[in-house]
Engineer: 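Quick one: this structure, given as structure tokens, is what I'll be asking you about.
For the numbers below, each heavy atom of this structure counts, side chains included, while hydrogens, waters and symmetry mates do not. Every value quoted in this text rests on a predicted model; they were computed, and no experiment measured them.
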Amino acid sequence: MRRPGGCGIFIGNAPFLSAIVLSAIVGPPLFSQPSSGRRSCPSELSALWLLASRLEEDAGLPVKARATLERARLLNPNAPELWCEAVRVEMRSNNQPMAKALLAKALQACPTSGQLWSQMIATEARPQRRARSVDALQKCENDPVVVTTVAQLFWAERKLDKARSWFNRAIKTNRDLDDTCGMQHGILGSAMHDTMWLKVP
């Protein structure tokens, strides 16, 4: 069944399924042999932790979602996607101070993460975003996520030539970044269509 108002599958018993997901990650070996359990829970399993936390959040249990992500970060302290999700949970809860505090800690743990720097740019007020993007490029110059974020900033300012240049730069950095390719065609294609439409007498 589709989730109302969005894509993906609607989960009826989210807490139950999140428990199943967590049991798949932190089964008996993790508790009986903590060190080997942690080694067997690499960053590749971050997607399962994210799924568990999102199931709990969708069920209206943000406290449990926070606890799940905190537990995940203890096992994977250098996984930027877990930090980023924790920040977004706070933002969706309208807890901006906590989101910024978590983001500061996240960048201490993962100082060259393009994902986290991109999130930092997004959390800033509009006048500060350009300055923050300069900081991000200095820390992770060729990260495609940061480069894509800069392209979006130029697009938001309707500087389409610069936006196109930065989108192309992101794609050259990582040709497998499907989101950037789709964003480039969608955003710039729409902008060009609007421009042509405005010129029609």
Engineer: Return all side-chain donor-acceptor pairs below 3.5 angstrom for residues 104-118, not counting sequence neighbours, or 'none' if the list is empty.
Structural biologist:
from	atom 1	to	atom 2	distance (Å)
Ser113	OG	Gln115	N	3.4
Ser113	OG	Leu116	N	3.2
Trp117	NE1	Pro111	O	2.9
Ser118	OG	Thr149	OG1	2.6

Engineer: State the OG-CG distance between Ser46 and Leu51, to the nearest 0.5 angstrom.
Structural biologist: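 Here the interatomic distance stands at 12.5 Å.
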Engineer: Who are the side chain to side chain donor-acceptor pair (under 3.5 Å) partners of Asn142, not counting sequence neighbours?
Structural biologist: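 Partners of Asn142 by the side chain to side chain donor-acceptor pair (under 3.5 Å) criterion come out as none, since no residue qualifies.
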Engineer: Salt bridge between Glu90 and Arg66, side-chain N to carboxylate O under 4.0 Å?
Structural biologist: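 Looking at Glu90 and Arg66, the cut-off is met.
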Engineer: Does any non-hydrogen side-chain atom of Asn95 lie less than 4.5 Å from one of Pro97?
Structural biologist: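 They are in contact (side-chain heavy atoms under 4.5 Å apart), so the answer is yes.
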Engineer: Using every non-hydrogen atom in the two residues, find where Pro144 and Thr148 come nearest and quote the distance to one decimal.
Structural biologist: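 Here Pro144 and Thr148 meet closest at O-OG1, 2.7 Å.
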Engineer: How many angstroms lie between atom CH2 of Trp49 and atom CG of Leu82, to the nearest 0.5 angstrom?
Structural biologist: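 Rounded to the nearest 0.5 Å, the CH2-CG separation comes out at 9.0 Å.
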Engineer: Sequence neighbours excluded, which residues qualify as side chain to side chain donor-acceptor pair (under 3.5 Å) partners of Glu85?
Structural biologist: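 With neighbours one apart ignored, the set is Arg54, Arg92.
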Engineer: Taking Ser53 as the fixed residue, which of Asp58, Thr68, Val89 is the one that meets the side-chain contact (heavy atoms from CB on, under 4.5 Å) rule?
Structural biologist: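 The passing option is Thr68.
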Engineer: Please examine the side chains of Asp135 and Gln138, heavy atoms only from C-beta on, and report whether any two atoms are closer than 4.5 Å.
Structural biologist: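 A side-chain contact exists here, since the closest heavy-atom pair is under 4.5 Å.
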Engineer: Using 0.5 Å steps for rounding, measure from the CG atom of Leu69 to the CG atom of Asn76.
Structural biologist: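 Atom-to-atom, Leu69:CG and Asn76:CG are 11.5 Å apart.
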Engineer: What pairs meet the salt bridge (charged side-chain N to carboxylate O under 4.0 Å, His left out) rule with one or both residues in residues 106-124, with sequence neighbours excluded?
Structural biologist: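 Salt bridge (charged side-chain N to carboxylate O under 4.0 Å, His left out) check on residues 106-124 returns Glu124-Arg132.
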Engineer: Remaining members of Leu153's ILVMFWY cluster at a side-chain heavy-atom cut-off under 4.5 Å?
Structural biologist: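 Ile121, all in the cluster of Leu153.
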Engineer: Could you tell me which non-hydrogen atom of Arg164 sits nearest to which non-hydrogen atom of Asp161, and how far apart they are?
Structural biologist: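 So the two residues come closest at NH1-OD1, 3.2 Å.
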Engineer: Who passes side chain to side chain donor-acceptor pair (under 3.5 Å) against Arg130, sequence neighbours left out?
Structural biologist: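 Side chain to side chain donor-acceptor pair (under 3.5 Å) check on Arg130 returns Glu157.
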Engineer: To the nearest 0.5 Å, what is the distance between CD (Gln152) and OG (Ser133)?
Structural biologist: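 These two atoms lie 12.0 Å from each other.
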Engineer: Distance from Glu57 atom CD to Leu50 atom CG, nearest 0.5 Å?
Structural biologist: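 Answer for the CD-CG pair, Glu57 versus Leu50, is 11.0 Å.
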Engineer: Can you give me the closest heavy-atom contact between Cys140 and Val146, atom names plus distance?
Structural biologist: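 Between these two residues, the closest heavy atoms are SG-CG2, 3.7 Å.
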Engineer: Looking at Trp83, is Arg73 sitting on its ring face, NZ or CZ under 6.0 Å from the six-membered ring centre and within 45 degrees of the normal?
Structural biologist: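 Satisfied, under 6.0 Å and within 45°.
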Engineer: Between CZ of Arg88 and CG of Leu103, what distance do you get to the nearest 0.5 Å?
Structural biologist: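 It comes to 10.0 Å.
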